Amino acid sequence: MKRRNFIKSLAALLGSFTLGASNSDASDTEYRWKMVTSWPKNFPGLGVGAENLAKLITTLSNNRIKIKVYGANELIPPLEVFDFVSQGGAEIGHSGAYYWKGKSPACQFFSSVPFGLTSQEMNSWLYYGGGLELWEKLYKNFNLIPRPAGNTGVQMGGWFNKRINTTDDLKGLKMRIPGLGGEVLSKVGGVPITLAGAEIFTALQTGAIDATEWVGPYNDRAFGLHKVAKYYYYPGWHEPGPSIECIINKDAYSQLPKDLKLIIDTACKAINIDMLSDYSMKNMLALDFLKNNNIEIKEFPLEVLDVLRETSDIVLEELSRRDDISMEIYSSYINFRNQITPWTKISNLSYLKTR
Ligand code: CA
């Protein structure tokens with residue numbers, strides 16, 4: 001008992017109110033949280049999404065949860081968000097699940113995989129198709145609660161300085177493309193390179209890389225990639241609708257009263273749709289700009305996409321055999337994709353063909 005009192009007064013001294021929550025009226029307790037993110041502070045789309053999420057939680061909770069947001073490298077490097085929140089260094093984080101493939105290869109299913117789900121399908125799998133339960137099961141081992149909290153929508157295929165007519169044109173191509181997309185490129189003879197966003201422009205300008213993907217017109221234009229490449233290819237077969245994640249330290253989340261838990265969950269849902277809407281609008285405007293600036297916007301030939309799709313299926317199947325949980329998540333994801341595809345074809349796809 002004495003020890004508990006000591007810890008309580010120490011926590012109060014340090015300005016942390018979370019430890020005292022269990023002994024006081026939970027509805028009065030004020031929580032002061034830190035949010036760490038993998039994005040530069042206020043970075044268009046992603047960083048703005050993190051700020052909006054923090055502000056929304058504070059407003060909806062009537063200041064009962066106050067969150068200070070740290071951009072990449074302000075408190076920790078961008079790729080330490082997972083460990084830092086897991087260990088309680090910060091209570092909450094905003095990032096992308098595919099960065100954590102070193103923790104478990106299955107993490108990648110919760111951002112985006114090549115020839116995987118669109119943002120609309122992804123939300124359906126997560127909220128109604130059992131995806132979020134599997135995500136929670138995976139992250140439980142790391143003392144984390146995951147929530148979808150943003151989506152970029154389908155990305156672009158990338159920037160090239162030569163035409164891609166056949167898969168032979170991908171052979172030896174040094175392309176900045178991280179994750180599973182990179183593994184697929186490697187299997188068809190390309191050379192995938194992982195570079196942080198801020199390094200891409202110079203690498204392409206100096207010829208250190210031949211090609212790059214980043215996000216879509218909005219973010220790509222901000223980096224000036226149109227000044228150092230001729231062709232802008234679509235579609236983003238490797239990232240058809242990446243989900244952005246909010247992760248919450250499980251101990252911090254468990255201490256919250258029910259209404260605050262619901263406020264966090266609801267704020268994440270709101271930001272999930274808000275970020276996608278923002279990206280759609282800004283991508284639309286940036287595409288117009290690029291079209292008027294002598295960029296050739298080209299579709300990958302179907303035969304190239306066919307080869308990439310077949311190769312992607314092999315890469316995903318290999319990933320599934322890494323451990324039991326990867327197999328469980330892979331099976332759920334792929335079954336969902338196979339089941340939803342006929343519906344997406346006769347709804348969105350056929351409608352868009354007529355518009
Ligand atoms: Ca990307």
Side-chain angles (χ1 to χ4, degrees), residues 37-40 43-50 72 78-79 81 94-101 107-119 122 148-160 164 170 173-186 190-204 209-226 228-229 231-245 272 275-276 278-280 282-283 286-287 290 295 297-300 305 308-309 311-312 315-316:
T37 74
S38 299
W39 334 116
F43 187 76
L46 304 168
V48 171
L79 300 188
V81 168
H94 196 252
S95 189
Y98 48 19
Y99 293 134
W100 324 126
K101 63 175 182 176
C107 288
Q108 297 169 103
F109 286 105
F110 300 107
S111 49
S112 199
V113 300
F115 295 93
L117 304 174
T118 65
S119 54
M122 184 70 179
N151 200 301
T152 68
V154 63
Q155 299 203 351
M156 284 293 281
W159 297 89
F160 298 78
I164 305 298
L170 296 174
L173 187 85
K174 279 185 285 174
M175 179 170 181
R176 183 270 177 194
I177 175 169
L180 291 168
E183 284 182 41
V184 173
L185 180 70
S186 167
V191 184
I193 298 193
T194 301
L195 287 177
E199 299 168 87
I200 296 174
F201 179 88
T202 309
L204 194 57
I209 54 173
D210 305 315
T212 187
E213 71 81 55
W214 174 227
V215 182
Y218 176 39
N219 284 158
D220 294 9
R221 178 193 168 183
F223 272 166
L225 299 179
H226 56 287
V228 286
Y231 306 111
Y232 197 19
Y233 270 90
Y234 66 91
W237 56 273
H238 60 303
E239 289 183 281
S243 229
I244 302 302
E245 69 179 9
N272 197 17
M275 191 191 288
L276 182 62
D278 185 35
Y279 263 110
S280 299
K282 306 275 174 54
N283 278 332
L287 182 66
L290 294 172
I295 294 301
I297 296 167
K298 297 186 71 63
E299 187 172 16
F300 285 121
L305 290 170
L308 291 170
R309 188 180 58 250
T311 311
S312 297
V315 166
L316 292 183

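Both ligands and their constituent atoms are indexed starting at 1 by order of listing. We're numbering straight along the sequence, starting at 1. Remember, predicted model here, so these are calculated numbers, not experimental data.
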Any N/O/S atom of Gln155 sitting less than 3.0 Å from the Ca ion (ligand 1), backbone or side chain?
yes
Check whether Ser38 reaches the backbone of Pro78 with its side chain - one donor and one acceptor, N or O, closer than 3.5 Å.
yes
Give, rounded to 10 degrees, the angle between O (Trp214) and OE1 (Glu239) as seen from the Ca ion (ligand 1).
160°
Please check if the side chain of His94 supplies one atom and the backbone of Ala149 the other of a donor-acceptor pair under 3.5 Å.
yes
Residues in ring pair (Phe, Tyr, Trp, His ring centres under 6.0 Å) with Phe110, at least two apart?
Trp125, Trp135
Tell me, which N, O or S atom in Glu213 is closest to the Ca ion (ligand 1)?
OE1
Tell me, please, which residues at least two apart from Tyr233 pass side-chain hydrogen bond (donor to acceptor under 3.5 Å, both in side chains).
none
